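Comments concern the structure below.
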Amino acid sequence: MRPPSTVTVLLTDYAWPDDTVERSVIEEAGLTLVTGPAEPASAEVIEGLVAEHRPAGILTCWAPVSAAAVAASPELRIVARLGVGLDNIAMDTATERGVWVTNVPDYCVEEVSDHAVGMVLAWTRGLAVCDREVRAGRWDPAGARLRRLSTLTCGVVGYGRIGRATVRKLGAFGCRILAHDPHPPQDVPGVEMVGLDELLRRSDVVILHVPLTRDTHHVVGAEQLALMPPGGLLVNVSRGGLVDTDAVVKALDSGHLGGAAFDVLETEPHVPAELLAQPGAILTPHVAFSSDASVTELRRRAAEEVVRVLRGEAPDHARNSPRGAAAAGGPGERR
């Protein structure tokens, strides 16, 4: 049975050319889709859109869904993140008001892990630096300072879906692999599970694969960078707030850090001039998640979660346990 056509879903923003995938899923279910601006608007603008349209479901990419936005629609039953991280959604308020919060936790495992490994290879083989040199008219093979990946120790912080995929791919290059996780698995072949400080001390390459929470904000700052061996590489393809960018710039300036490969920044889309000026920085514009296949899958599955909840079913990938009658079914994650 389809919900009535007067039930509205708000798409707050989107990082692709149009809303056709989301609209197809939502309208096929007999719901009405209202689309906000493509670029993520301020919290106040989103709160106004929610108050105006009183959606039963919200699909959000980067835009902030604040506590005021969650409270602005009495009909709201689900906030579905078009992505993995949930730091732009007022989780506590949603839970208190009986609103599901969902994400799509496994849509880009291969893409993000590929991106992380690609950044490591770009650094060890000097791909970005050499490309810049050649384009600037300098052909200087004797000046290359390249590394053999199989002789390095790579430390992966966060051993979830993406961390495990990165470890699997790095293993093919023959490097020593360390990993850290708050809930470490036992007896992982080819991986040594260690504490964070030990990982930092022993790793030539450190890759971050953790969510941004109160506990992980600036998990890598000046103190942590100082633990790393001189000349190492820091890779962040998770969330910009995990890293103290000023501390990274200082470590690059001093030569203690040999490279920083970032797909995400705390200030994005603004890129600090001090970071841009660093020849050891490799920067991409928050695209690690992206491929033709992953983006289509993400959009479809997030929209399907909204439809599922508005039909009275439990979502496949619940990230909270909502209180009250607005939450249909029981919490959990289907496999």
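This structure is a prediction, so every number in the text was calculated from the model and none was measured.
A salt bridge between Lys250 and Asp246 is absent, with no side-chain N of the basic residue lying under 4.0 Å from a carboxylate O of the acidic one. A salt bridge links Glu110 with Lys169; the closest basic N to acidic carboxylate O contact falls under 4.0 Å. Ion pairing of Arg97 with Asp92 is absent here, as no side-chain N (NZ or NE/NH1/NH2) approaches a carboxylate O to less than 4.0 Å.
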Open item on the list: salt bridge (Lys or Arg N to Asp or Glu O under 4.0 Å) for Glu192 and Arg202? Distances and angles first, verdict last.
Closed with: CA-CA 11 Å; Glu192 185 179 352; Arg202 293 173 55 190; 3.0 Å; yes
TODO: Using the side-chain hydrogen bond (donor to acceptor under 3.5 Å, both in side chains) rule, take Thr35 and Arg23 through it: C-alpha gap first, then chi angles, then the decisive distance, then the call.
DONE: CA-CA 9 Å; Thr35 302; Arg23 186 169 297 280; 3.3 Å; yes
TODO: Evaluate side-chain hydrogen bond (donor to acceptor under 3.5 Å, both in side chains) for Glu266 paired with His218, printing each intermediate quantity in order.
DONE: CA-CA 10 Å; Glu266 192 166 23; His218 284 189; 3.0 Å; yes
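A donor-acceptor pair is defined here as one N or O able to donate and one able to accept, closer than 3.5 Å; such a pair exists between the side chain of Asn320 and the backbone of Val101. Within the 3.5 Å criterion, the main-chain N or O of Gly158 finds no donor-acceptor partner in the side chain of Asp181. Panel note: side chain Thr216, backbone Val219; no donor-acceptor pair is recorded below 3.5 Å. Ser203 places no side-chain N or O within donor-acceptor distance of the main-chain N or O of Leu200, the cut-off being under 3.5 Å. In this structure a side-chain-to-backbone donor-acceptor pair under 3.5 Å is missing from His256 to Gly231. Looking only at distances, no side-chain donor or acceptor of Glu27 sits under 3.5 Å from a matching main-chain atom of Ser24. Judged by distance alone, with hydrogens and angles left aside, the side-chain atoms of Asp19 form no donor-acceptor pair with the main-chain N or O of Glu22 at under 3.5 Å. Between the side chain of Thr151 and the main chain of Arg148, a donor-acceptor pair closer than 3.5 Å is present. Without hydrogens or angle criteria, Arg161 side chain to Val109 main chain gives no donor-acceptor distance under 3.5 Å. When atom types are taken as modelled, the side chain of Asn88 and the backbone of Ala63 share a donor-acceptor pair closer than 3.5 angstrom.
Looking at Trp100 and Arg77, their side chains never come closer than 4.5 Å, going by heavy atoms from C-beta outward. Within the 4.5 Å cutoff, the side chain of Val104 has no heavy atoms near those of the Leu82 side chain. Contact check for Ile58 versus Val50: side-chain heavy atoms found under the 4.5 Å cut-off. Val249 places none of its side-chain heavy atoms less than 4.5 Å from the side chain of Pro272. Side-chain contact check for Asp263 versus Met119: some heavy-atom pair is nearer than 4.5 Å. Under the 4.5 Å side-chain criterion, counting only non-hydrogen atoms from C-beta, Glu28 is not in contact with Val25. No side-chain heavy atom of Thr32 sits less than 4.5 Å from a side-chain heavy atom of Val7. Contact check for Leu265 versus Val271: side-chain heavy atoms found under the 4.5 Å cut-off.
Hydrophobic clustering places Ile78 together with Val9 (ILVMFWY residues linked when any side-chain heavy atoms are closer than 4.5 Å, directly or through intermediates). Linking Ile, Leu, Val, Met, Phe, Trp and Tyr residues whenever their side-chain heavy atoms come within less than 4.5 Å leaves Leu178 and Val191 in two separate clusters.
Below 30°, between 30° and 60°, or above 60°: for Trp62 and Phe289 the angle between ring planes is above 60°, a perpendicular geometry.
Sequence neighbours left out, the pairs with a member in residues 137-146 that pass side-chain hydrogen bond (donor to acceptor under 3.5 Å, both in side chains) are Glu133-Arg138.
A distance of 8.5 Å separates OG1 in Thr102 from CZ in Arg319, rounded to the nearest 0.5 Å. For the atom pair NE2 of His53 and OG of Ser73, the computed distance is 11.0 Å after rounding to the nearest 0.5 Å. Summarising the geometry, atom CG belonging to Leu196 is positioned 5.0 Å from atom NE2 belonging to His180; distances are rounded to the nearest 0.5 Å. With rounding to the nearest 0.5 Å, the separation of CG in Leu233 from CG in Leu152 is 9.5 Å. Rounded to the nearest 0.5 Å, atoms CD1 (Ile207) and SG (Cys154) are 5.5 Å apart. Atoms CZ and CG, on Arg125 and Leu146 in that order, are 4.5 Å from each other to the nearest 0.5 Å.
Each of Asn236, Val220, Leu234 was checked for a side chain to side chain contact (heavy atoms under 4.5 Å, CB included) with Val248, and the lone residue meeting it is Leu234.
Glu305 and Asn103 share no donor-acceptor pair across their side chains, judged by distance under 3.5 Å alone. For the 3.5 Å distance criterion, the side chains of Arg168 and Ser113 fail to qualify, holding no donor opposite an acceptor. A side-chain N or O of His317 and one of Arg301 form a donor-acceptor pair less than 3.5 Å apart. Using modelled atom types, one finds no donor on one side chain facing an acceptor on the other under 3.5 Å when comparing Glu111 with Ser290. Side-chain atoms of Thr213 and Asp215 form no donor-acceptor pair, as typed in the model, at a separation below 3.5 Å.
Environment of CZ in Arg147: crowded, with over 12 heavy atoms of neighbouring residues, nucleotides or ligands closer than 6.0 Å. Residue-environment remark: CD (Glu39) stays at or below the threshold of 12 foreign heavy atoms within 6.0 Å.
Heavy-atom minimum distance, Leu242 versus Pro211: CD2-O, 3.6 Å.
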